[in-house]
Each structure stands twice: as structure tokens, then as C-alpha cells.
Amino acid sequence: MTRDLRMRWLTPALALLIVLSLSACSFAPNTIFGAHSEFGHSVDTLTRRLLYAGLTVFVLIEGLLVYILVKFSDREGNREAKQIHGNTTLEVSWTIVPAVILAFIAVPTIKTIFETQAKAVPSALQVEVIGHQWWWEFRYPQYGVTTANELYLPVGRTANFALTTKDVLHSFWIPQLNGKRDLISNHTNYIWFTPDSAFAWNGFCAEYCGTSHANMRFKVFTVTPAEFDAYIAHQKTLAVGSTPPAAAADTGKKSATPVPQAAPVPVMNVSDTSSATYPRSKLPEWVIPKTPLPVNLTFDQNVTGDAARGAAMFKGAPCIACHTIKGVPTAAGIIGPNLTHVGSRTTIAGGIYPNDLKHLRLWIKNAPEMKAGSLMPLFGKNEKGATPGLYTDQQIADLAAYLSSLK
Ligand code: CUA
């Protein structure tokens, strides 16, 4: 073997070795090789079966080829090999054998596709997934709950997802729970699976959908049925402080249909069924976003936000044209994420920043700088390109304090 030839084999062999070692890492956070739903297991089984079958065919064919090359290589004094051009038996057999192999692959593949594409049983948890540039809307129609970028699912209960999009194509993908399925305009796609373990997972958009396609992420929390019930019960409530006593005194009359008021959740603890959201202290490190902040963005560190002032301001702010906060009658926009319990979420901006005061303030101040192509405009008064008369850092701090209080 010449040196050149050796090099030619070395590179692909090394690449193969790296791919194989990477795929063996079942602890990799976003691996597709550690299935945690029966959907994942069926795809996994199919992949492995086909891989082993392909490997068997490969070894047989290559073994035969090498054997023939060695055994029948041209040597001095050999007579001319028998010419077999036009041998019908051979031609028919090397047509039929691959056809049989393809049928062997097609039957289980199509069976698996149909299984996972069907609508799930009616008793399943129904989840509507709506893709937006560049965030995820999740609705639980059985409970009247709408949220964004964070999905709670009970372990052991089948979840049936109905996938649609508000704009362009997106693709719903939680690597460790399922395969992926596209969100297509004017069409509802379905996917279902049953999570088999409680944990926190990363979700992604897996179809190029514009500038911030890579910034369209979400989190999935698989929790016990009791924890899920607590989560839903909490999400059904109105926003904290949405009907302050002062406002009630103004109108002088009580609401005709009293709606339960959300209690603040000071201690988040999943083992305690009265808790409503996944405890931040228990979040695995790899679901916490680490997107670097834009270098030019600054915020006055001396201001302290006031939630009550922020709440009063929010009612008449441009925010209400795009965002809903249940319990704030003026806030009924549906273009942006529903903010009723935004304070209880672990991330903002389509899962790319942690949900804390620092990031929330900068996001309100200059969303387009925080996320390329963001449809949310900038609201910082002093920002380059901002319309005059928008918000000072103090006002933004008040708004951020209010939104953070919406646990
Ligand atoms: Cu949505 Cu890519």
C-alpha cells in the first residue's frame, strides 16, 4: 500500500471513529441515542435493526469482494477469465436480491411512520403547538391554558401534539423524547409520545425558518401526574396582583364571575405537590441558556424596579398590543407570548436567555439587539434608533419587576 493510499483511508477511518465515539455518549444532553419515550424506543429499535442488517450485508459483500480480488487477481500465465456478459440468471438475481432487501427495510419503516403519525387515544393529553418566528406557543385546550417556550408533560400519560404554524415552516424536536415533525402552513400535523421519566429536556426548531432559527428553542419538563396537575391548576389562575384593591375600589362593583387568584410560589420544590413549576435549583446545567449578551447593551445599575409602578404602566403600554396577561383586561394581544405567568418560566426570548431581572431588562430595552430579527421592537429611550418618548431605564426596571412578579 502506498503512502497516498494509506492517507486516503486514514481520514475517513478517523472520522468514523470520532462519530462512533460521540454517538456512544449516552450522557450527551441532546443525544438521539438515549430515548425516553416509547416513540423514541420504536425509532431506536428500527434504526438499530436496519443498521445491523446493513452491516451484515456490508461485511458479506466486502468479504466476498476482497476474497475474489485476492483469489482471482491477474497472474502471469493465467488464461483469460470466463466472460459472463448477458447471463440472465445472474442479472435477474442481482435485481431481485436488492429488491427483497429494500422490502425488508420498507415494511418496518412505514409501519413505524404510520404508528407515530396517527392521532393518539382521546384520553391523551392534548397539546397544541404553534410555531412563531421565533418562539413556541403551547396550548392545553383541555385546561384553557396558554404558555410559551416551556412545556410541562406528565410522565406515563400519552401526549398528543397538534402542530401548526402562524408564519413559515418550523419543526418540533425534542431529541431525547421523540423524532421530529414539521409545522406546516395551513395544515395540522400530529405526533404523540409518552414520556417515561421525569426530567428537564431541551427542545429545538429543526427546520430553517429565518434569521433567528437557531434562537427558537424551548424547554420540556416531564413531571409526575400530581406535579402536572399542580402546574396546570396554577397556570389556570390569573396573574399575581392583576386585580389590585385600588382598581376594585375604582369601579365600585365586584366581578360577576370570580376567578381564582394565583398565590405566589416562594419555594419551588417538585417533591412537594403544591409547587407549580420545576425548581430552578434542580435544573440540569445544560438546560440553562448561556447565550452571550450583546456587548453594546448597557443598563443603569443604580435603578431599582417597582412592580406596582410597572403594573400600572403595563396596562397602557404598547406591550398590550402583542401580549396577553390573564386578569389585565387591556392586555389581550396575541402576536407575542402570553405573559400571564411569565415570571414562573426559566427562560425568555425563545429559550435563549435565563429569565432573570438582568436579561429581562435588557430584552425590554432592546430586543432586536438581543435576538437577530426579533419582531419585538426596542423600547429603550436612549437606544440608537429608538422612537423618542419611549422608556427610561427606570421605567423599564419597573416593567421588568412587574413581569418577574408574575409567577
Ligand atoms: Cu422555527 Cu427554525
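Index from 1, following the sequence. First listed ligand is number 1; within each ligand, the first listed atom is number 1.
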**Item:** Gln394 and Asp398: CA distance, side-chain angles, deciding distance, side chain to side chain donor-acceptor pair (under 3.5 Å) verdict
**Value:** CA-CA 6 Å; Gln394 177 61 61; Asp398 293 342; 3.0 Å; yes
**Message:** In terms of relative ring orientation, are Tyr208 and His213 parallel, tilted or perpendicular, with 30° and 60° separating the classes?
**Reply:**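 Tyr208 and His213: perpendicular rings.
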**Passing candidate, side chain to side chain contact (heavy atoms under 4.5 Å, CB included) with Leu163, options Leu183, Thr188, Ile184** =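 Of Leu183, Thr188, Ile184, side chain to side chain contact (heavy atoms under 4.5 Å, CB included) with Leu163 is met by Leu183 alone.
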**Request:** Output the atom name for the N/O/S atom of His170 with the smallest distance to atom 1 (Cu) of ligand 1.
**Result:**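 Atom 1 (Cu) of ligand 1 is closest to the His170 atom ND1, counting only N, O or S.
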**Asked** Between atom 2 (Cu) of ligand 1 and Cys209, is there an N, O or S atom separated by less than 2.8 Å?
**Response**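 Under 2.8 Å: Cys209 contacts atom 2 (Cu) of ligand 1 through an N, O or S atom.
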**Item:** Heteroatom of His213 nearest to atom 2 (Cu) of ligand 1 (N, O or S, atom name)
**Value:**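 Looking at His213, the N, O or S atom with the least distance to atom 2 (Cu) of ligand 1 is ND1.
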**Request:** With atom 2 (Cu) of ligand 1 at the centre, find the angle made by SG from Cys205 and O from Glu207, to 10°.
**Result:**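 Between SG of Cys205 and O of Glu207, at atom 2 (Cu) of ligand 1, the angle is about 90°.
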**Prompt:** Quick one: does Asn355's side chain have a donor or acceptor within less than 3.5 Å of a partner on Val342's backbone?
**Reply:**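 Flag set: sc Asn355 to bb Val342 pair under 3.5 Å.
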**Prompt:** Near atom 1 (Cu) of ligand 1, is there an N/O/S atom from Ser171 that is less than 2.8 Å away?
**Reply:**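 No, Ser171 does not qualify, because none of its backbone or side-chain N, O or S atoms lies under 2.8 Å.
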**Message:** Between Asp356 and His359, is there a side-chain donor-acceptor contact under 3.5 Å, judged purely by atom types and distance?
**Reply:**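 Present: a donor and an acceptor within the cut-off.
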